[in-house]
Amino acid sequence: MRFEPATVEVPLGDRLVVELTNTDPTNVHDLQLFDERTPRLATGESATLDVGVVTGPTQGWCTIVGHRQMGMVLDVVVTGGDAAGGNVASGADGAADGAQAGEGPAAHGSDAAGGAPGAGTAYPAPATPAIDPDARVQDVVDPVLPPLPEERVHRLTLTAEEVELEVAPGITQTRWTFNGRAPGPTLRGRVGDVFEITLVNDGTMGHSIDFHAGALAPDRPMRTIAPGESLEYRFTAERAGIWMYHCSTMPMSAHIAAGMHGAVVIEPEEGLPEVDREYLLVQSEVYLEPGTGGSGSADASGPAEVDMDAIAAERPAFVTFNGIANQYGTAGRMLDARVGERVRIWVLDAGPSRPSSFHVVGGQFDRTYLEGAWTLGDADGPAQDAGAQTLGLQAAQGGFVELTFPEAGHYPLVSHIMVDAERGAHGYVRVTD
Ligand SMILES: [Cu+2]
């Protein structure tokens with residue numbers, strides 16, 4: 001992605017007026033330059049940006065998450081005078097020091113994004129907002145796996161929407177979603193089932209969808225569509241497993257991290273062994289832009305945005321099960337089971353980047369299934385004298401574990417990659433007699 005031309009030369013003291021036209025066939029773009037910003041432009045749209053008299057060099061960029069990192073920067077080079085070593089003379093003083101010249105946007109005013117480090121810059125410790133100990137999750141995502149539907153042809157509309165959602169108790173982010181939730185709806189079917197999906201883009205930027213559960217040429221069904229457009233995506237589920245789906249618009253890391261992911265559970269034709277309870281946990285990371293709102297603090301100005309620099313540095317503020325840190329703990333609602341019941345927990349690692357090592361503290365798995373294969377026990381029964389302590393998943397892998405609980409109590413669910421458990425990939429099963 002780029003601006004053409006990527007550099008403009010302006011004689012010192014001249015007024016700069018930029019005429020921006022979006023010729024990208026699929027993506028929405030804009031231009032931020034000095035304190036001015038164009039509206040988001042759809043394909044074919046144009047806007048004029050009058051930034052006034054230029055007094056020093058600067059860099060503009062597209063504000064849509066990830067586009068700046070993918071190359072959408074516009075260098076304004078000043079000619080004449082002694083502009084070469086200068087900064088803008090706009091009242092900003094030491095803040096716009098020489099080290100920053102030509103790197104971030106010059107300090108013509110004080111744009112918050114000016115502090116965002118560029119590629120190759122050491123990234124500071126993530127500004128994980130503190131969770132208020134009294135905050136509760138307002139809208140806990142139901143962890144129960146929906147039942148297997150009767151029909152063999154599944155028709156569903158998925159709408160790409162950008163909405164404010166909780167990502168931790170009391171903390172919200174502008175999430176990019178399928179149908180207003182992150183993760184998106186869970187689809188469930190059997191080998192041989194047909195899925196007829198309509199994707200509608202109700203967002204403010206390009207979005208798309210990629211279902212791992214079906215094999216097909218990606219060219220058309222996985223294409224990015226502009227706001228207001230829709231597409232049909234039809235696939236047949238030929239193989240059992242828990243399959244990820246996600247938006248595949250670039251940068252994919254941002255679209256997945258922002259919430260555009262979900263699970264498709266495909267059972268073998270003959271079904272899976274009966275169990276007493278079935279849960280589904282989708283692990284994913286949340287990256288919050290430092291200094292944005294939603295932290296619950298008095299000066300919070302609104303929901304946090306997705307932070308592309310934190311994504312690139314793999315420094316999540318939170319790691320979640322089903323999109324909200326710690327929602328299955330005391331701030332939300334625990335999973336339930338009774339002593340002796342057989343419980344199956346499906347786990348999908350949606351990433352975008354971090355693996356999971358799924359563990360139940362105090363529990364032992366006697367049947368596990370990873371990426372389409374039994375890895376402990378099988379359809380005829382659980383293992384009798386062997387067990388497993390974790391289900392290890394790389395990004396986009398999935399499977400399930402089964403266990404029974406020997407006595408009443410509170411059994412923590414964690415990613416045993418402990419730093420991620422401490423970032424919120426933590427909950428409980430409350431076991432009662
Ligand atoms: Cu998207």
Side-chain angles (χ1 to χ4, degrees), residues 1 22 24-30 40-43 62-72 156-165 167 172-187 195 197-214 216 218-233 235 243-264 282-289 303-312 316 320 322-323 348-353 395-396:
M1 295 180 183
N22 182 9
D24 183 328
T26 49
N27 284 294
V28 173
H29 297 290
D30 65 9
R40 292 189 169 188
L41 302 179
T43 303
C62 175
T63 70
I64 293 175
V65 173
H67 290 197
R68 182 183 189 179
Q69 290 80 357
M70 291 176 70
M72 290 195 72
L156 183 71
T157 296
L158 291 176
T159 302
E161 307 173 85
E162 296 143 26
V163 295
E164 180 179 352
L165 293 176
V167 290
T172 62
Q173 182 180 44
T174 301
R175 302 286 270 164
W176 308 349
T177 72
F178 293 111
N179 290 5
R181 298 305 299 263
T186 301
L187 311 183
F195 291 80
I197 308 296
T198 302
L199 174 69
V200 177
N201 187 352
D202 253 355
T204 64
M205 66 191 92
H207 291 297
S208 58
I209 198 162
D210 169 355
F211 285 97
H212 296 187
L216 44 68
D219 306 55
R220 283 196 60 76
M222 296 185 199
R223 72 186 186 275
T224 292
I225 55 172
E229 293 186 349
S230 66
L231 62 74
E232 306 296 321
Y233 190 131
F235 67 91
W243 302 90
M244 183 174 173
Y245 69 85
H246 60 89
C247 177
S248 57
T249 297
M250 294 294 165
M252 223 182 288
S253 55
H255 285 253
I256 293 171
M260 301 191 82
H261 57 256
V264 180
V282 178
Q283 181 180 311
S284 68
E285 306 113 56
V286 171
Y287 300 87
L288 298 181
E289 187 175 352
E305 299 294 332
V306 176
D307 184 1
M308 195 62 222
D309 292 305
I311 290 172
T320 75
N322 294 341
L348 175 74
D349 186 353
S353 299

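Both counts, for ligands and for their atoms, begin at 1 and track the order of listing.
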For R40, which residues count as a salt bridge (charged side-chain N to carboxylate O under 4.0 Å, His left out) partner, sequence neighbours excluded?
none

Sequence-distant partners of F178, ring pair (Phe, Tyr, Trp, His ring centres under 6.0 Å), two or more places apart:
Y245

Hits for ring pair (Phe, Tyr, Trp, His ring centres under 6.0 Å) against H67, two or more places apart or cross-chain, chain-then-number order -> H29

What one should report as the nearest heavy-atom pair of R223 and L231 is O-CD2, 3.6 Å

Can you find a heavy atom in the side chain of T249 that is under 4.5 Å from one in the side chain of N27?
yes

Nearby protein N/O/S atoms (those under 2.8 Å) for the Cu ion (ligand 1), with water ignored
H207 ND1, C247 SG, H255 ND1, M260 SD

Just how far is it from atom CG of D349 to atom CE of M244, taken to the nearest 0.5 Å?
8.0 Å

